[in-house]
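Residue indices begin at 1 and follow the sequence shown. When a ligand or atom number is given, it counts from 1 through the structure's own listing order.
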Amino acid sequence: MSATTAPPTGPAPGTPSAVGVPVDTHCPYCALQCGMSLRPGTSAGAQAADAGASVEVVERTAFDVNRGALCGKGRTAPALLSSGVRLTGPLVRRHPGGGLEPASWEEALDRVAAGLSGVRTAHGPDAVGVFGGGGLTNEKAYLLGKFARLVLGTSQIDYNGRFCMSSAAAAHNRAFGLDRGLPFPLADVARTGCVILVGSNPAETMPPALRYFTELRERGGKLVVIDPRRTRTAEHADLHLAPRPGTDLALALGMLHLVVAEGRVDEEFVAARTTGWPAARAAAMAHWPELVERITGVPVPALREAVAMFCDAGSSMVLTARGPEQQSKGTDTVGAWINLCLATGRAGRPLSGYGCLTGQGNGQGGREHGQKADQLPGYRRLDDPAAREHVARVWGVEPEVLPGPGRSAYELLDALGTDGGPRALLLSGSNPVVSAPHAAHVEERIASLDFLAVCDVVLSETAELADVVLPVAQWAEETGTVTSLEGRVLLRRRAVAAPPGVRTDLEVLNALAARLGWEKGFPTDPEEVFDELRRASAGGPADYSGITYRRIAEEDGVFWPCPEAPAGEGTDVPGPVPAPGPVPHPGTPRLFLDRFATPDGRARFVPVTHRPSAEEPDAGHPLLLTTGRVLAQYQSGAQTRRVAELNDAAPGPFVQLHPRLAERIGVAEGEPVAVVSRRGRAVAPARITPGIRPDTVFMPFHWPGAGRANTLTNPALDPTSRMPEFKVCAVRVERADGDG
Ligand SMILES: Nc1nc2c(c(=O)[nH]1)N[C@H]1C(S)=C(S)[C@@H](COP(=O)(O)OP(=O)(O)OC[C@H]3O[C@@H](n4cnc5c(=O)[nH]c(N)nc54)[C@H](O)[C@@H]3O)O[C@H]1N2
Ligand SMILES: Nc1nc2c(c(=O)[nH]1)N[C@H]1C(S)=C(S)[C@@H](COP(=O)(O)OP(=O)(O)OC[C@H]3O[C@@H](n4cnc5c(=O)[nH]c(N)nc54)[C@H](O)[C@@H]3O)O[C@H]1N2
Ligand code: SF4
Ligand SMILES: [Mo]
């Protein structure tokens with residue numbers, strides 16, 4: 001990468017820039033992590049070090065992923081730095097049932113320390129929980145996990161990434177022995193022969209990435225889009241298949257059936273580089289095309305066409321996102337797509353393979369460094385004795401001190417305030433009152449806690465329920481690393497000073513740890529935390545030990561794994577990272593070209609068969625609801641609903657439905673529609689379009705209140721990944737006269 005990009009600009013990491021000097025950084029939102037530069041203090045003539053100083057986004061064309069292009073969210077991100085919309089001082093609830101009131105940092109931190117330790121003393125360490133987020137930097141995610149395991153001594157930590165890509169992660173580990181969202185740089189997408197994009201809508205969720213698909217087609221490659229809706233992305237496709245929500249598993253098996261029947265299996269590849277084909281083949285052969293057509297609604301000729309496009313190209317890829325993954329069978333569904341890639345020799349070869357388009361800003365790094373219930377830093381397993389030994393040594397404790405695995409995100413939220421569940425919670429980087437499945441129930445569980453502390457930049461719907469709200473600094477005000485959907489570790493640099501009333505997440509953890517008896521071990525300098533993370537990750541699957549802030553800045557990102565020590569060394573070398581050798585490891589843009597990360601180096605076929613969604617339609621709930629995103633809002637909307645330009649573009653929820661369905665229930669465009677599931681009722685204006693299946697309605701999930709999509713969604717979990725079924729539940733729809 002370094003050969004093709006200009007040198008980075010800006011001051012050394014951590015130093016706020018001088019007025020007018022642009023600082024290279026990355027967008028605070030999604031996993032594409034578009035490069036941008038921030039020019040501090042120009043618009044209002046403010047000093048760069050001034051609190052909440054204005055910054056202007058300037059193009060950073062040298063960063064190759066987006067070459068300067070940004071979507072509206074990235075372009076308007078600085079709006080949230082101004083004090084009018086953000087939290088600028090701690091808030092505490094001094095009386096039960098009373099309101100949140102301003103407080104000093106001393107009082108707020110004392111209350112959090114007392115709230116957490118009081119519950120721990122009374123009910124044991126597992127009565128205290130921690131909930132993190134995939135938007136937190138690597139340094140924050142790492143220190144949050146360390147804080148939970150060491151300071152609180154609790155096993156009860158998980159994070160919102162469980163709702164995001166955990167099914168793809170589980171399937172990756174199962175088949176390839178390693179989980180990195182994309183095993184190749186995004187640039188390869190433009191140069192392959194065919195891409196099947198399953199349940200992914202980058203035209204709205206990662207607009208600057210669309211150019212890779214456009215370029216693919218300009219070069220003569222084919223794009224197949226699989227989505228129950230004719231999305232803006234589907235409009236760019238050579239072939240659009242619109243299956244019934246929740247049937248991707250059958251669709252992938254049907255394609256594999258055709259691959260076998262049409263003699264398209266790459267027998268040589270299967271023999272040389274995989275295990276388990278006979279069982280996977282037998283499972284696929286039970287899914288003959290006519291059966292698959294009945295399950296999915298996709299006609300057999302369209303299925304054949306997709307197989308031909310995929311196999312006739314010299315190289316091809318399958319990319320999935322939340323559509324097939326957020327299902328109670330998400331892991332098996334992704335497994336079926338991986339099987340298709342393996343049977344056709346489209347994996348572990350240049351320009352071919354399976355990849356998952358990870359979602360949040362640090363969706364990749366956030367899942368590697370220990371805020372997950374079953375995990376230690378470096379993508380190590382918490383139940384692996386060698387991993388415990390290694391990390392305990394880096395942390396200067398005995399391995400027995402480390403708790404075991406805890407509950408997954410929904411199970412954790414579901415257990416709050418119950419016997420045996422956490423009664424106190426520290427939450428950072430998530431807004432589950434809007435974004436968790438069966439949200440009314442989750443809201444009730446959160447409200448039942450003895451104590452809730454929330455770290456956020458705004459007063460989110462979840463923060464509104466807290467006993468203490470700690471206001472934290474934002475992306476442009478602090479330095480830290482994130483790992484993009486490419487598996488590329490990037491540096492976000494501090495461009496402006498934070499307002500005086502806020503602290504960084506690292507400062508918060510440091511102050512809380514000190515109050516709870518840990519004076520050392522929780523540094524506030526991000527680079528110091530990163531250097532410790534490097535040691536903790538050394539020798540693990542996600543090995544960052546050879547990556548330094550300096551290298552990231554000079555090379556515009558480094559792809560992991562990037563060991564410091566030669567392969568095989570490093571696993572048992574805690575203590576200072578050795579000085580870089582004469583030839584540093586170059587990082588790993590492309591995985592699996594020589595071998596997969598399994599013990600025998602072969603990819604594993606997993607025999608999977610189709611099964612229905614947890615909830616199928618019945619007389620009372622004859623339709624399917626699916627949920628997702630719109631271009632101008634981000635996630636729970638906590639941030640983007642506070643940016644005027646974005647709010648104007650997407651001011652509220654809606655129910656997307658087919659004209660025939662609209663006619664049947666007698667609603668016209670814009671009229672209120674009630675959507676009713678077994679968990680509740682939501683009301684939002686109708687948006688009528690022929691671009692959706694008549695048996696399906698769609699709602700975006702960015703809003704609280706009457707139009708909250710997650711009032712309806714089903715918390716049924718995937719047995720392996722513990723991913724909730726956000727993408728399918730049974731509903732009925734009706735006119736909402738009088739309650740809209
Ligand atoms: N504007 C915007 N961009 C974002 C985000 C945001 O909130 N707003 N969030 C970021 C994050 S964290 C994530 S995870 C990504 C998500 O990025 P995407 O996965 O692209 O987003 P979604 O809209 O959740 O789902 C994608 C598509 O899946 C389709 N779908 C629904 N059910 C099914 C099904 O059963 N099968 C199939 N094949 N498709 C189905 C939906 O119609 C939708 O078009 O976006 C990131 N980027
Ligand atoms: N129905 C339905 N529900 C879904 C999905 C779906 O497709 N359909 N998708 C799911 C997916 S993929 C995801 S990723 C989740 C996301 O849903 P959430 O976990 O709710 O994600 P955000 O809305 O991004 O919440 C992040 C919060 O952290 C705050 N924040 C931002 N930066 C920082 C920081 O540096 N430090 C701290 N302490 N706080 C910060 C923000 O202001 C915001 O309040 O939603 C899930 N929910
Ligand atoms: S695509 Fe994602 S990373 Fe790029 S500007 Fe938009 S939100 Fe930011
Ligand atoms: Mo996500």
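- Not close to ligand 2: Gln474, with no non-hydrogen atom less than 4.0 angstrom away.
- Backbone and side-chain nitrogen or oxygen atoms of Tyr634 are examined, and none is located within less than 3.5 angstrom of a nitrogen or oxygen of ligand 2.
- Within the 4.0 Å heavy-atom shell around ligand 2 one finds Gly429.
- For the pair Ser636 and ligand 2, the shortest N or O to N or O distance falls below 3.5 Å.
- Between Ser428 and ligand 2 there is a heavy-atom distance shorter than 4.0 Å.
- Near Cys455, the atoms of ligand 2 lying under 4.0 angstrom from a non-hydrogen atom of the residue are 37 (C), 38 (N), 39 (N).
- Between Phe63 and His26, the distance separating the two ring centers is shorter than 6.0 angstrom.
- Trp105 CH2 to Arg503 CZ: the interatomic distance, rounded to the nearest 0.5 Å, is 5.5 Å.
- Heavy-atom contacts of Asn431 reach the following atoms of ligand 2: 18 (P), 19 (O), 20 (O), 25 (O) (cutoff under 4.0 Å).
- Considering only non-hydrogen atoms, atom 4 (C) of ligand 2 lies nearest to Phe701 out of Phe163, Phe701, Phe131.
- Taking 4.0 Å as the cut-off, Arg629 counts as a neighbour of ligand 2 on heavy-atom distance.
- By the 30° and 60° cut-offs, the orientation of the rings of Phe147 relative to Phe522 is perpendicular.
- Any N or O atom pair closer than 3.5 Å counts here, and Lys140 shares at least one such pair with ligand 2.
- Not counting sequence neighbours, the partners of Gln156 by the side chain to side chain donor-acceptor pair (under 3.5 Å) test are Arg407.
- The closest approach between Val434 and ligand 2 stays at or above 4.0 Å for every heavy atom of the residue.
- Cys356 SG to Leu485 CG: the interatomic distance, rounded to the nearest 0.5 Å, is 8.5 Å.
- Checked by distance only, ligand 2 and Ser460 stay at 3.5 Å or farther apart across all their nitrogen or oxygen atoms.
- Ligand 2 has no N or O atom lying under 3.5 Å from any N or O atom of Arg322, backbone or side chain.
- At a heavy-atom distance under 4.0 Å, only side-chain atoms of Ala638, from C-beta outward, approach ligand 2.
- By the 6.0 Å and 45° rule, Arg229 stacks over the aromatic ring of Phe698.
- Taking the centre of each ring, Tyr159 and Phe131 stay at or above the 6.0 Å mark.
- Shown are the protein N/O/S atoms under 2.8 Å from atom 2 (Fe) of ligand 3, given by residue and atom: Cys30 SG.
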